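Please read all numbers here as calculations on a predicted model, not as lab measurements. Whatever order the structure lists ligands and atoms in, that order sets their numbers, starting from 1.
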Amino acid sequence: MDETERLSVTRRDLLITGAVSAVAPILPVGPADAQETPPSAGNSMQVAFTVNRSGRKLELDPRTTLLDALREHLHLTGTKKGCDHGQCGACTVLVDGVRINSCLSLAVMHEGDTITTIEGLGAPDDLHPMQAAFIKHDGYQCGYCTPGQICSAVAVLDEIKAGIPSHVTDDLTTTLEASNIEMRERMSGNICRCGAYSNIAEAMADVARSQT
Ligand code: FES
Ligand code: FES
């Protein structure tokens with residue numbers, strides 16, 4: 001094979017290889033081709049935690065999010081699934097007093113933790129002050145984001161009281177105050193498609209004033 005033929009074969013091989021690799025990702029993958037086998041029920045894990053002051057034990061697929069464990073396994077449907085991607089805050093719950101997006105956290109990571117959902121903050125005849133303030137100030141319209149907003153709002157006031165700075169805190173040497181800008185910044189991860197933001201801020205300011 002002379003040099004011209006060798007180059008021509010190499011170029012043809014390259015074109016064939018490129019075409020195959022471009023098509024490969026869109027070919028259907030049959031069961032025999034599957035590279036990973038999802039965990040079966042036999043691969044479930046146990047987790048025990050406290051939810052709203054009650055000890056709970058669950059046997060879960062380890063891929064179950066805390067949000068799904070709460071909603072689908074414990075039937076605490078007050079916590080809402082908005083985006084399931086950590087972008088809306090509808091799934092906010094308190095874990096050991098700190099707010100988290102429960103859609104971004106695996107349930108089995110919470111062994112021994114204390115979890116509070118909207119159902120555990122207060123009851124219809126014994127509302128948490130933040131729940132009462134949201135009602136007083138009309139801090140909602142459709143209400144879908146509201147459980148997450150309220151859990152977040154409770155944690156925000158605790159963060160400010162604990163002196164934890166935010167992106168807009170400009171003076172780290174003085175006592176932090178629950179100013180409008182501090183509260184709005186800290187609530188920016190909780191989206192409300194109804195746009196109840198001003199009323200939510202008023203509700204939070206009301207509770208903050210009552211705590212001083
Ligand atoms: Fe968790 Fe949107 S559902 S952040
Ligand atoms: Fe409707 Fe917030 S009250 S999304």
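Between the side chains of Arg99 and Thr92, no donor-acceptor pair is found at a separation under 3.5 Å. Looking only at atom types and distance, the side chain of Ser54 has no donor-acceptor partner in the side chain of Asn52 under 3.5 Å away. For Thr117 and Glu119, the side-chain atoms include at least one donor-acceptor pair closer than 3.5 Å.
Atoms of ligand 1 found under 4.0 Å from any heavy atom of Cys83 (numbered from 1 in listed order, with element): 2 (Fe), 3 (S), 4 (S). Interface atoms of ligand 2 facing Gly143, defined by a heavy-atom separation under 4.0 Å, are 1 (Fe), 3 (S). Residue-ligand proximity, Cys103 to ligand 1, at heavy-atom distances under 4.0 Å covers atoms 1 (Fe), 3 (S), 4 (S). Those atoms of ligand 1 that come under 4.0 Å of a heavy atom in Gly86, given as number and element, are 4 (S). Atoms of ligand 2 found under 4.0 Å from any heavy atom of Cys145 (numbered from 1 in listed order, with element): 2 (Fe), 3 (S), 4 (S). Against a heavy-atom cut-off of under 4.0 Å, Asp84 is close to the following atoms of ligand 1: 2 (Fe), 3 (S).
The single protein non-hydrogen atom nearest to atom 3 (S) of ligand 2 is Gln141 N, 3.1 Å, given as residue, atom name and distance.
With rounding to the nearest 0.5 Å, the separation of CZ in Arg193 from SG in Cys145 is 8.0 Å.
Contacts of Cys142 with ligand 2, taken as heavy-atom pairs under 4.0 Å, involve both backbone and side chain.
At most 12 heavy atoms of other shown residues, nucleotides or ligands fall within 6.0 angstrom of atom CD1 in Ile181. Shown here is Glu72, whose CD atom has more than 12 heavy atoms of other residues, nucleotides or ligands within 6.0 Å.
Closest heavy-atom contact between Leu121 and Cys151: CD1-SG, 4.2 Å.
Taking backbone and side-chain atoms together, Cys88 has no N/O/S atom less than 2.8 Å away from atom 1 (Fe) of ligand 1. For atom 1 (Fe) of ligand 1, the N/O/S atoms of Cys91 include one lying under 2.8 Å. Among the backbone and side-chain atoms of Cys192, no N/O/S atom is found under 2.8 Å from atom 1 (Fe) of ligand 2.
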| query | Passes side chain to side chain contact (heavy atoms under 4.5 Å, CB included), Ile100 versus Val93? Steps please. | reply | CA-CA 6 Å; Ile100 67 162; Val93 298; 4.1 Å; yes
